[in-house]
Structure formats: C-alpha cells, structure tokens
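What follows is a single structure, written as structure tokens, with notes after it.
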Amino acid sequence: MMINDLEVIESDFLVIGSGIAGLVFALLAADKGSVQLVTKKDSFESNTNHAQGGIACVLDPNDTFESHVEDTLKAGAGLCKRDIVEILVQEGPAMVRQLVEWGAEFTRNSAGTFDLGREGGHSARRIVHAKDLTGREVEHALLRTLRDKTNVQMHEHQIAIRLLVAGEGRQRRCVGAEVYDTVESRVVCYLARAVLLATGGLGQVYLHTTNPAIATGGGVAMAYRQGVRIANMEFIQFHPTSFHNPAGETFLISEAVRGEGAILRTLDRQAFMEKFHPQANLAPRDIVARAIDCEMKQSGAPHVYLDVTHLGREFIRERFPYITACCLEHGVDPTRDMIPVVPAAHYSCGGVLTDRWGETSLHGLFATGEVACTGVHGANRLASNSLLEALVFSRRAFERLCRSAGEYPAPSSAIIPREKDSYHAMDESFEAVRIAHCREEIRRVMWDYVGIVRNDDRLRLAERRLDLVRKEIQDYIDSRALSRELLELWNLAEAAHLIVRSALLRKESRGLHYTTTYPEKDDANWLHDTVLVKRI
Ligand SMILES: Cc1cc2nc3c(=O)[nH]c(=O)nc-3n(C[C@H](O)[C@H](O)[C@H](O)COP(=O)(O)OP(=O)(O)OC[C@H]3O[C@@H](n4cnc5c(N)ncnc54)[C@H](O)[C@@H]3O)c2cc1C
C-alpha cells in the first residue's frame, strides 16, 4: 500500500533486529500472525553470531536452580531483580531444548549428554556450547528454521530510523517504525499491532570493543527519543581478554578459556590474579578487567598475557578451534606461545527498561536481548547469561502478546508521516569524512574518559565534548538527510550521552561502574536503578 508517497507494510508484529532475540520471537510469533523482520545488514550480522562461550543453563543433575540464581545475584552486586533472575533460570532449560528442536547442535560428551563448560563466576559446570562457536551455531539454526516460515518476511539492509507512536499521554502506544532501505535509498513505513526492539548492544561506542560493527546502540537511542524509560546505562562490561592487536580488529578470547585453567600473567610471566580475588583467574569479569587495567597502568605494559600452554596441544585445538585459528592468523600459536590480551567493551547491562514480559514503558513496544534492561544482570552480567536472557524473554514477550491480544489492536494508517516530512538521501561522498571524524571522536572520548576506571571530572569533560559532537550530528538529522552511517552515528552519540549521564548520576562504585570520586558501594542511597526519561 502507498500513502503520502511512502510504501506502507502492515503486519501483526514488527521485529527490528535478526540476532537471537529477534529470530526467536519471529519464529514463535509466525504461528500466531504475520511478522515483518527488518535488519540493517545481512541477517547473520549480529553479536549473536560472535558469541563463543555458550549458554548458561541448569541441566546437570548435580546443579541447582538456586545455585545459578545465587551466582547471578552475586555477580549483579545487589541490583538484580530476584524474581526476574528466577524466571530466567527456571525457564532456561526449556528454551535450550527448544533451540535443539530448531536444529542447534551443541557439543556432547561420549554419553550423549551436553558437554557442560564452566566459566568465571559460575559455581558449577552449566555452559551449553558448540565448541567455541556457540553463537554461530545458534544464529544459523534459527535462520535455517525461519526460512520455512511463510508468515515471516525478512528485509535485510533496512535500518530503523524512528519508532512510530500513536495517541497522547497515557494512550500513547508504539505502532510501527520508519525504516530506511539502504540499498534502494528510500523510506518504508511498517505498521504493526506490536513492535519488538531486538537491536542488540552498543560496543561500538568505545574505541576498543569485542562487538561487531552493527552494535551501535540504535534500539536504546530510538526508544529514548520516544520518551521510553532507559535504565542502568553506566554498567558497561569490559571483557578482560580480547586479543591485543595494535594494528587493527581484535577478537575475543572467551572466558571459557580461563574456565578450563588458563592463567593471566604479566609481561615478566608472573601470575597476578591471586592478589586481586580469592577466585584468582575465575574471578568475575569486572574484577579481572580492573586487575588487568591496574597491572597495565602500574607497569606501563600495552597488554598482559593469557597462558594456556600447560593445557595440552590436543585439548586446546579440540576445545577452542576458533580461538586457536584466530591466534594462528595473528602469528601466535596458543599451544606454545602466551596470548597477548587487553580488556575491551563487551556488553551493555543497561538498556530499555522492561517488565517481566519484555514490555517497555511504551505500550506495544517490547525489547528483548542486549538492548533490554530486564533486571537480570543488575550491575554486572554473569558470563553466558545473555543468550539465555534473550531466549527466555523473547518467548515471554510472545506469550504476553498471545494472552492479551485484545490489548494490541491493529493501528490506523493516520499515523503515517506526511509528504512534507520526507527525507532525502545524503550526499555520502561529500559528508563521509565528517561522519568518520565524529564517530572516531565519540569512540575515543568514551574510551579515554568513560572506561573501566572513571571519575567525575573526566565524565563531565566527556559530556561537554559529546555535546558538541551531538549538536553537529543533530544539524544533519534536522536537514532530513539519510544514510546508514549517519543514522548509526546519531545513535552512537545518543547512547554515549546516556552512558555518561547515568555514570554521573550514580554517586558510588558498584559492579561495573567504578569511579575514584566515589570508590565505595553505598547501599543506603544507591541500591536502585538509574533511570533516564526524555520529556516529550
Ligand atoms: C565476541 C562476543 C562473545 C560473546 N559471547 C557470549 C557467550 O558466550 N554467551 C552469552 O550469553 N553471550 C555472549 N555474548 C553476548 C551475546 O552475544 C549478545 O548479548 C547477544 O547475542 C545479543 O543478542 P541480540 O539478539 O540482543 O542482539 P544481536 O545479536 O547483536 O542482534 C542485533 C540485530 O539488530 C540489528 N540492528 C541493530 N540496529 C538496527 C536498526 N536500527 N535497524 C535494523 N536492525 C538493527 C543488527 O543488525 C542485528 O541483526 C558475546 C558477545 C560478543 C560480542
């Protein structure tokens, strides 16, 4: 259908993003209605595709739900919501079995049961994995299964610009999105009874990150601009061990490697984690990242080492084929050489605030996966809980929409923007250098001033610098020019701004937020989320 010269596509559900969160929801929803799924690049380009370690899940008869809940709460440093964590843990096994039904093949032991791995912060072996390529296995199984669902239409190379909201005040509800087709350089309007934001994380806000290029914070930015509640953005998890490659792209050395016995060492080969935590190399991620940061700052070294040489050649190659191959490509043989590693931005614990059904503060808008803040992670995520969170809460969002279908009627097309509001494609050759410059500046400011160890002076400095960049970007946006790079930059700038504002709000150190201005935890005043809402 064409309205005001715009193509309008109507469906029951609109899904934005093709990682685990979006695909799981789409697969389930396809049996209840029509689904349009938009994704800004090729369908498999997602953080999901890069996940190595696995999915935390209680499947061993000697393991217990209580133990997984307690480990999660402990990592979350007082800010996890216990009832939400219980849902995660108890509903996890059924969803892992569902993945197997959809064709995911996880590594099994000789008895045919899952080969459960162990990771930092977990008190039992409970990580279901497909060697060290778990995310790729899951993503491909989901995409394969989706191909048979005639009710789902996937649109690649379409980037959501803006959420469409109908009604005023308490009647406001999300009814779709404006989307830019980057191949055909045109805007398409999607209308739906409900919208799922499944846009993933925002690691690209930082100069060093384990996240692929798609992780630019689009979901959080779009939701914030529509007045949706955003929470806990200060809690950015820095993965302690990404491969140190001063020449360019890095890759992750999974936590599972330390789970199997790897040891962190200084450049003069001394093991150092015992000094920082009783669990030494198996301490929670934030402790390990800060310990490495501390060792590097004290010694001036550009990296530390991760040593697996004692684990045996066959075991290393068999258990970590992907990591071994990546290291070899960079001239390091992990069976003989120690691996140079540094911390890098990895995961956003905060995001769009949701209830136990994945619904946000805007009726009709759901958020699941890394873009969401469900209350599972609190101030720090326990390793391998994020794929599980996406699985469980995407199913719950679907369940909520099934149970209360009457609350989500089809929207009226009166919401479609008028012709005078139309966009035009940006002259990319002319503006590319300015966009690249702004992007670089945001990432460097965030790395230098809003990293692993923070203080208020640097945070304020970051805020001022970001304000200038944001103003420049807003001028482009106001001119209604469009390109994928510009939209991503707009989102990165918004996400960076939200991280800095939240970090300035929290006047204590807790979990992943460590500030020398307030180095202690302050339970009396700060045992709650930091929530940001834009007045509109
Ligand atoms: C290297 C690495 C290793 C990891 N290992 C593990 C692990 O072992 N276990 C674990 O539990 N977690 C792990 N994680 C975290 C986990 O992979 C992610 O949290 C999870 O995959 C997020 O899934 P998602 O569906 O929310 O987002 P993603 O998988 O990132 O998918 C987001 C999708 O949204 C699309 N998108 C974004 N913005 C827009 C827009 N504006 N318009 C249209 N489309 C858009 C993207 O193109 C993408 O398709 C790892 C992460 C990384 C980076």
Side-chain angles (χ1 to χ4, degrees), residues 14-25 37-57 92 117 119 127-130 132-136 138-139 142-143 154-163 177-182 190 196-204 209-223 237 239 241-243 250-256 259 322-323 326 344-349 351 367-372 376-377 381-391 393-394 484 487-488 490-491 495:
L14 170 65
V15 177
I16 306 175
S18 60
I20 186 170
L23 293 176
V24 165
F25 178 88
L37 192 157
V38 296
T39 189
K40 69 180 176 178
K41 287 193 169 174
D42 289 332
S43 54
F44 58 84
E45 288 194 47
S46 59
N47 270 9
T48 301
N49 206 29
H50 290 251
Q52 295 179 358
I55 307 175
C57 190
E119 292 192 343
I127 314 298
V128 181
H129 63 94
D132 57 356
L133 291 163
T134 309
R136 187 180 299 184
V138 169
E139 180 84 22
L142 294 174
L143 284 170
M154 163 99 72
H155 306 269
E156 294 179 315
H157 302 283
Q158 296 209 358
I159 178 168
I161 309 167
R162 185 170 82 89
L163 297 170
E178 276 179 297
V179 172
Y180 183 54
D181 181 328
T182 57
Y190 288 87
L196 178 78
L197 261 188
T199 48
L202 46 74
Q204 289 292 328
T209 179
T210 62
N211 290 191
I214 53 94
T216 53
V220 172
M222 284 189 289
Q237 188 167 63
H239 197 287
T241 52
S242 70
F243 186 87
T250 178
F251 59 91
L252 182 88
I253 311 288
S254 158
E255 201 127 29
Y322 175 72
I323 294 171
C326 290
H346 185 54
Y347 185 83
S348 168
C349 290
T368 57
E370 190 165 342
V371 69
V376 159
H377 307 301
R381 176 186 71 126
L382 184 65
S384 289
N385 263 356
S386 43
L387 293 174
L388 186 69
E389 184 195 33
L391 284 170
F393 288 91
S394 286
R484 182 174 55 73
L487 289 168
E488 288 187 341
W490 190 32
N491 294 334

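Atoms within a ligand are numbered from 1 in the order they appear, just like the ligands themselves. Numbers here are sequence positions counted from 1.
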Where [X] and [Y] come nearest, the two heavy atoms and their spacing:
X	Y	value
Phe393	Thr368	O-CG2, 3.4 Å
Glu119	Ser384	OE1-OG, 2.8 Å
Gly218	Asn491	CA-ND2, 3.4 Å
Ala367	Ala372	O-CB, 3.4 Å
Ser18	Thr39	OG-OG1, 2.8 Å
Gly53	Thr134	O-OG1, 3.6 Å

Quick check: do [X] and [Y] have side-chain heavy atoms less than 4.5 Å from each other?
X	Y	value
Lys40	Thr182	no
Leu143	Met154	yes
Leu23	Val15	no

Looking at ligand 1, would [X] count as a contact under a 4.0 Å heavy-atom criterion?
X	value
Ala160	yes
Gln158	yes
Ser384	yes
Gly54	yes
Thr134	no
Arg162	no
Ile55	no

Legend entry - Trace of the side chain to side chain contact (heavy atoms under 4.5 Å, CB included) decision for Val220 with Val371: CA-CA 6 Å; Val220 172; Val371 69; 4.0 Å; yes
Geometric N/O contact [X] with ligand 1, under 3.5 angstrom:
X	result
Gly53	yes
Thr210	no
Pro212	no
Asn491	no

Check each of [options] against [atom] and report the one with the nearest heavy atom.
atom	options	result
atom 51 (C) of ligand 1	Gln237, His346, Arg484	His346
atom 32 (C) of ligand 1	Gly17, Ala198, Ser18	Ala198
atom 29 (O) of ligand 1	Ile159, Leu23, Thr48, Val38	Thr48
atom 11 (O) of ligand 1	Leu252, Leu387, Val179	Leu387

Inset, instruction - Could you tell me the separation between the CG atom of Leu252 and the OH atom of Tyr322, rounded to the nearest 0.5 Å? - result: 8.5 Å
Starting from [atom], find the nearest protein heavy-atom neighbour and note its residue, name and distance.
atom	answer
atom 19 (O) of ligand 1	Glu370 OE1, 2.7 Å
atom 37 (C) of ligand 1	Thr199 O, 3.3 Å
atom 25 (O) of ligand 1	Ala21 N, 3.0 Å
atom 27 (O) of ligand 1	Gly200 CA, 3.2 Å
atom 16 (C) of ligand 1	Ser386 OG, 3.8 Å
atom 30 (O) of ligand 1	Asn47 N, 2.9 Å
atom 53 (C) of ligand 1	Asn211 ND2, 3.4 Å
atom 4 (C) of ligand 1	Ala51 CA, 3.3 Å

Legend entry - Parallel, tilted or perpendicular, as decided by the 30° and 60° cut-offs, for the rings of His377 and Tyr347: perpendicular
Inset, instruction - Apply side chain to side chain contact (heavy atoms under 4.5 Å, CB included) to Ser254 and Asp132, showing your working. - result: CA-CA 8 Å; Ser254 158; Asp132 57 356; 5.6 Å; no
Inset, instruction - Ignoring hydrogens and angles, tell me if any N or O in the side chain of Thr250 forms a donor-acceptor pair with the backbone of Phe243 under 3.5 Å. - result: yes
Inset, instruction - Could you list the atoms of ligand 1 found under 4.0 angstrom from a heavy atom of Gly369? - result: 26 (O)
Inset, instruction - Would you mind running through ligand 1 and noting each atom that sits below 4.0 Å from a heavy atom of Glu45? - result: 46 (C), 47 (O), 48 (C), 49 (O)
Legend entry - ligand 1 versus Gln52: contacting region, heavy-atom distance under 4.0 Å: backbone
Legend entry - Part of Tyr347 within contact of ligand 1 (heavy atoms, under 4.0 Å): side chain
Inset, instruction - Carefully, step by step, assess Glu488 and Gln204 under the rule side chain to side chain contact (heavy atoms under 4.5 Å, CB included). - result: CA-CA 10 Å; Glu488 288 187 341; Gln204 289 292 328; over 6 Å; no
Inset, instruction - For side chain to side chain contact (heavy atoms under 4.5 Å, CB included), just list the numbers for Arg484 and Lys41, CA-CA rounded to whole Å, side-chain angles, deciding distance to a tenth of an Å, and then say yes or no. - result: CA-CA 10 Å; Arg484 182 174 55 73; Lys41 287 193 169 174; 3.4 Å; yes
